[in-house]
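Proteins get letters first, then strands, A, B, ... in listed order; numbering begins at 1 in each.
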Amino acid sequence: MEKLSNEILTFLLDNSDSMISIIDNKMRYVNVNESFCKSFRMQKNDLIGKCPSDLWGEHTYREKIRKNIERSLKGEKIQYRAFFDIADSSGKFYEVTYRPFTSSSKKLSYTIIETKDVSNEVKNNEKLPHKYIKYDFMDKYLPFGIFSCNRDGLIIEANETFYNILEVDQDQREGLNFNDLMKVDHRFSEHIRSGKAGEAGTFGQMQMVTIGGRELFVRISSHVREDNQNRNIIDGTLEDVTREVILERRLYQSHRLETLGTLAGGVAHDFNTILTTISGYSDMTMEEVESDSVIYKYMTRLKSAVNKAGSIIDQMLVFSKQLDQHVVALEVDKIIKEAVEFIRSSVPDNITLKTKYNKIDGLVYADPTQLFRVFLNIMTNALQAMEDGGGTMTVNLSESLTDNKQYADISVADTGTGIDPSIIDRIFEPFFTSKEVDRGTGMGLSVSHGIITGIGGEINVESNSGEGSVFTLRIPLKEMRTQSESESDKQPGNILFAHDNMYLSRTLSLALERMGFKVTLISSARDIGKIIENNLSDNDILFIVNKFADKKIFDLLAKKEKEGKRFRVNFIMQKDTIEDKIPVYSNSRRFGIVYEPVTLKDILSKLN
Amino acid sequence: MAGILVVEDNDDLRRMLKESLEKRKHKIIEASNGREALNKFKSSITDLVITDLLMPEQDGIGLILELRKIKPGIKVVAISGGGKIGPSNYLDVAKTLGANAVFPKPFNLIQFIEEVENLINT
């Protein structure tokens with residue numbers, strides 16, 4: 001009878017749905033049941049004598065199986081549940097049990113491993129005893145988070161990446177809820193709360209906040225299903241898209257500001273027209289009344305207000321880059337130091353001023369007065385943000401290299417109130433900051449933005465509400481050219497600059513001389529003839545404003561060429577001007593054209 | 001006393017210029033765009049034209065060119081308030097093309113009228 005029941009037991013074990021294997025203390029299979037063979041699609045004879053590493057891979061064996069076998073051989077029973085797949089079948093939940101067994105002679109120890117499919121059981125549980133995302137690549141290495149939550153927002157399950165993105169420590173995971181991590185209510189919150197089974201959605205650029213308090217943007221794709229107790233479960237993926245959002249917003253903002261610039265120009269025109277009407281009628285009124293009358297006095301006040309309005313329009317046009325700037329090559333550290341010293345006297349006692357200036361190797365092309373005002377504007381804002389609570393303003397100057405181009409980086413950081421994220425995208429807009437126009441330097445950030453971008457630079461801000469802001473300016477640097485570093489084998493000779501605008505001429509010549517060029521200024525048509533006749537040398541480069549260029553000059557230049565002199569001529573012209581003179585000259589010669597308004601950059605481009 | 005054509009698309013400003021010049025006994029003809037200006041110019045005796053540079057249909061610079069074709073010696077005063085190219089650039093171009101004087105907005109009315117009358121008398 002015992003033999004029969006043993007046979008029956010053996011039969012049962014052999015045909016049990018569970019996979020059963022017996023392993024000796026040499027880590028080898030001594031026997032396996034039918035289910036085991038079926039699952040691995042191998043014959044019993046091929047399995048006996050093998051090590052679990054042959055079936056599961058060296059890695060899984062070393063990391064998981066061997067330890068358990070060792071412990072079990074020492075007498076410990078181990079049981080756990082995990083999600084994995086066997087051979088080609090898709091993943092399932094299994095309960096794995098290691099049972100120690102010692103032969104009756106107590107000489108040989110074995111471990112009996114039983115692997116039972118518990119998928120059905122597990123599917124009915126909302127809260128799983130173990131993470132079902134067990135593969136390393138899904139758990140840790142996928143660059144996005146995976147989660148399941150219930151309709152209250154409670155996160156039931158998530159992979160490591162999910163917790164990493166949201167900076168959730170081990171001990172903070174229990175009871176973690178999406179609502180703790182959302183800054184504002186989103187369509188996603190709605191989706192979790194009241195989505196119906198089968199509904200799916202992608203929620204892009206959602207603002208969340210990590211446990212640590214850091215703000216970030218995420219993209220969530222999720223789907224609602226029902227468990228078999230008709231409870232909603234929301235499964236989804238979560239990607240950190242903060243970097244993309246910031247880049248996209250910067251691009252949008254700069255495009256928007258460009259559009260606004262164009263708009264600003266149009267608005268400026270209309271405004272100036274209306275201002276003309278207002279001041280015109282004031283003038284007409286003043287003509288009708290006695291100059292000592294009260295009406296006359298009121299009209300004077302009116303005109304003064306109109307003038308102020310006019311200068312605001314001018315400043316706005318600077319933003320839209322329509323007013324000429326008088327650009328020179330300058331050492332940016334001098335300007336920033338000047339601005340800091342200027343503002344030092346207005347720094348109140350509750351604010352500390354820190355500076356760090358690194359040496360800058362190179363010059364910046366900018367209008368010194370405007371650059372000074374930009375620095376002042378930003379530092380004034382920083383001080384204003386710390387008015388009530390005090391704090392520290394830190395000004396840094398350094399150099400950086402990006403894409404083979406050199407830049408001067410200036411940062412102004414404050415520990416003040418910070419800028420609200422809802423308006424931070426708009427602080428460089430002209431109308432948005434018009435309130436600021438009357439405070440401090442009278443220039444809004446929009447004008448500063450216009451000036452910096454006008455010289456090829458960038459201005460950006462980062463801020464956290466309540467923590468302070470950092471404004472960063474990045475301005476392109478040009479190398480100081482010395483004779484020995486000149487790239488062309490022909491050194492440029494003298495620069496002859498003939499223009500009737502003396503301010504322009506003087507400004508440009510100062511900049512060019514600082515860069516090592518020799519400049520001769522000519523301010524009248526008469527003088528040009530004399531200079532060309534007597535002072536023209538090889539490799540000289542001439543710039544002649546259209547107004548001064550006539551047949552006499554052309555003939556003179558032709559004569560000098562015949563004499564063998566090698567020089568270059570550039571004409572300075574208005575855009576849209578009818579170039580009727582030039583063809584006369586151009587038929588036989590080459591020449592360059594520089595369009596008004598002339599900038600240092602234009603001149604330098606003709607010097608190579 | 002002279003015939004002055006005022007070309008300006010902003011109604012208020014045009015009226016202000018008309019009223020201030022009529023006070024000085026000048027005869028004013030109005031137009032609100034370049035096309036209208038040319039028509040009225042051809043059918044009247046005008047000594048001086050005041051024109052804004054940025055108007056719909058035919059901008060001021062085009063108008064100046066056309067006016068000079070009809071009456072080469074006509075005196076032209078250009079005014080402008082900005083726009084995409086910028087007040088300074090546009091006005092330089094106007095001068096190059098033969099405006100006798102340029103006034104960026106907002107301008108002082110008294111000085112403006114002085115210059116207008118100066119030009120009429122030369």
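Between the side chains of A:Asn377 and A:Ser448, a donor-acceptor pair is found at a separation under 3.5 Å.
The residues B:Lys105 and B:Asp52 are annotated as salt-bridged, a charged nitrogen and a carboxylate oxygen being separated by less than 4.0 angstrom.
Among A:Met286, A:Lys303, A:Glu288, the residue with the largest count of heavy-atom pairs under 4.5 Å with chain B is A:Glu288. When each of B:Asn108, B:Leu109, B:Asn10 is scored by its heavy-atom pairs under 4.5 Å with chain A, the top score falls to B:Leu109.
Both the backbone and the side chain of B:Arg15 come within contact range of chain A, with heavy atoms under 4.5 Å apart.
When side chains are defined from C-beta on, B:Leu5 does not count as touching B:Ser44, because their heavy atoms never get closer than 4.5 Å.
Aromatic ring orientation, A:His499 versus A:Phe497: parallel (interplanar angle below 30°, classes split at 30° and 60°).
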